[in-house]
Protein chains: 2
Amino acid sequence: MSDLLERLRARGWRMTSQRRVVAEVLAGDHVHLTADEVHARAVAHLPEIARATVYNTLGELVALGEVVELSTDGRAKRYDPNAHHPHQHLVCSNCGIIRDVHPTGDPLGALPPAERFGFTVATADVTYRGLCPSCA
Amino acid sequence: MSDLLERLRARGWRMTSQRRVVAEVLAGDHVHLTADEVHARAVAHLPEIARATVYNTLGELVALGEVVELSTDGRAKRYDPNAHHPHQHLVCSNCGIIRDVHPTGDPLGALPPAERFGFTVATADVTYRGLCPSCA
DNA sequence: TTTGTTGCAAATCATTTGCACGTAG
DNA sequence: CTACGTGCAAATGATTTGCAACAAA
């Protein structure tokens with residue numbers, strides 16, 4: 001369960017102070033920050049980091065497959081560093097908080113061949129929605 | 001299987017020419033247009049309809065629960081008029097085409113209580129991804 | 001009439017890009 | 001040294017909003 005930063009170094013990713021800070025901000029489970037939130041936290045450790053650099057860096061991490069991009073809510077995309085551990089998401093319809101969840105069984109199995117329209121189906125992203133304990 | 005327009009009239013939705021045109025554009029299965037595409041098609045029937053009106057109207061249809069908003073692709077949201085018929089989506093990772101699909105079983109059942117973090121889970125949205133026949 | 005809807009343009013928000021400067025390898 | 005990353009500001013794309021004119025019930 002090596003962390004994001006280690007994995008990036010191992011891949012020979014060119015390291016800079018801003019890239020390191022972005023990778024440090026994105027650490028742990030149940031972390032689903034927007035680009036702006038990542039920027040805000042990064043600034044606390046590296047005041048001169050630019051918003052555009054955060055966007056570029058996040059885009060690169062997504063391209064590398066080290067971070068997953070979520071469109072779960074209406075506005076800004078969120079970034080999930082837990083890419084090495086397959087999981088789905090549970091979102092509160094009221095406050096928007098997101099938890100990582102692990103459903104049983106293979107979601108792909110629920111889609112019969114007749115319902116595949118000739119597609120080669122590769123993945124299934126599931127978003128569960130409901131009310132969290134605080135909002136219920 | 002009454003159509004969208006009928007259901008809206010039945011609900012006593014205040015009808016205007018632009019609302020009617022928007023509702024007419026959103027008809028049928030496997031329809032997943034962006035707000036801009038809806039506007040483009042609406043203009044063909046009612047040249048003076050404003051883009052803002054299309055956005056407002058779509059937002060209202062979503063609030064009424066008569067249309068579902070999809071964030072499946074990176075950029076613009078798409079609108080699915082098939083709200084009365086529960087279904088999931090199959091998206092081509094290459095060209096972005098979307099098909100409505102009906103998986104077997106109840107997706108909610110796959111989430112065990114221990115994985116619900118105290119949430120009251122209401123729905124499960126599934127997005128299958130893969131390559132369509134043309135892109136494979 | 002009366003209340004809710006529309007059109008227009010300007011405002012906002014999220015994200016991207018162009019370019020000169022800076023720095024990791 | 002030299003390719004690649006960064007900061008800044010301006011550009012873009014999607015969507016929302018303010019407000020006066022307008023039309024459905």
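When reading the values below, keep in mind they use all heavy atoms of this one structure, side chains included, and skip hydrogens, waters and symmetry mates. Quick note on labels: first sequence line is chain A, next is B, and so on, each numbered from 1. Please read these numbers as outputs of a predicted model, since none were measured by experiment.
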Under 4.0 Å between any heavy atoms, over every strand shown, what does A:Ala76 touch: base, sugar-phosphate, or nothing? Just pick one.
sugar-phosphate

Less than 4.0 Å between a side-chain N and a carboxylate O, is that true for B:Glu24 and B:Arg20?
yes

Name the closest nucleotide to the B:Arg14 side chain, picking from D:dC8, D:dT15, C:dG4.
C:dG4

Please give, in whole Å, the distance from D:dT15 P to B:Tyr55 OH?
4 Å

For the pair made of CH2 in A:Trp13 and C1' in C:dG25, what is the distance, rounded to whole Å?
16 Å

I'd like to know if the side chain of B:Arg116 and the backbone of B:Leu111 have a donor-acceptor N/O pair within less than 3.5 Å.
yes

Go through the N and O atoms of the side chain of A:Arg75 and the base of C:dA14, and report whether any donor-acceptor pair is under 3.5 Å.
no

Are side-chain N/O atoms of B:His32 and B:Asp100 paired as donor and acceptor at under 3.5 Å?
yes

A:Arg20 CZ to C:dT23 P, straight-line distance once rounded to whole Å:
15 Å

To the nearest Å, give me how far apart CZ (B:Arg9) and P (D:dA24) are.
12 Å

Within the 4.0 Å heavy-atom criterion, would you say A:Asp36 contacts the bases, only the backbone, or no part of the nucleic acid?
nothing

Does the side chain of B:Gln18 get closer than 4.0 angstrom to OP1 or OP2 of D:dA23 through an N or O atom?
no

Strictly below 4.0 Å: does B:Arg19 bring a side-chain N or O up to OP1 or OP2 of C:dT6?
yes

Just how far, in rounded Å, is C1' of D:dT15 from CG of B:Asn56?
10 Å

Mapping B:Ala50 and A:Thr16 to their closest nucleotides on DNA chain C, which lands nearer the 5' end?
B:Ala50

What is the distance, rounded to the nearest whole Å, between atom CD of B:Glu69 and atom C1' of D:dT15?
11 Å

What's the separation between atom CZ in A:Arg129 and atom NE2 in A:His89, rounded to the nearest 0.5 Å?
11.5 Å

In this structure, how many angstroms lie between the P atom of D:dG5 and the CE atom of A:Met15, rounded?
11 Å

By nearest atom, which of the nucleotides C:dC8, D:dT15, D:dC8 is closest to the A:Ala52 side chain?
D:dC8

Return the value, rounded to whole Å, for the distance between atom CZ of A:Arg51 and atom P of D:dA9.
12 Å

Distance below 4.0 Å between A:Thr53 side-chain N/O and D:dG7 OP1 or OP2:
yes

Does atom CZ (B:Arg41) have a neighbourhood of more than 12 heavy atoms from anything else shown, all under 6.0 Å?
no

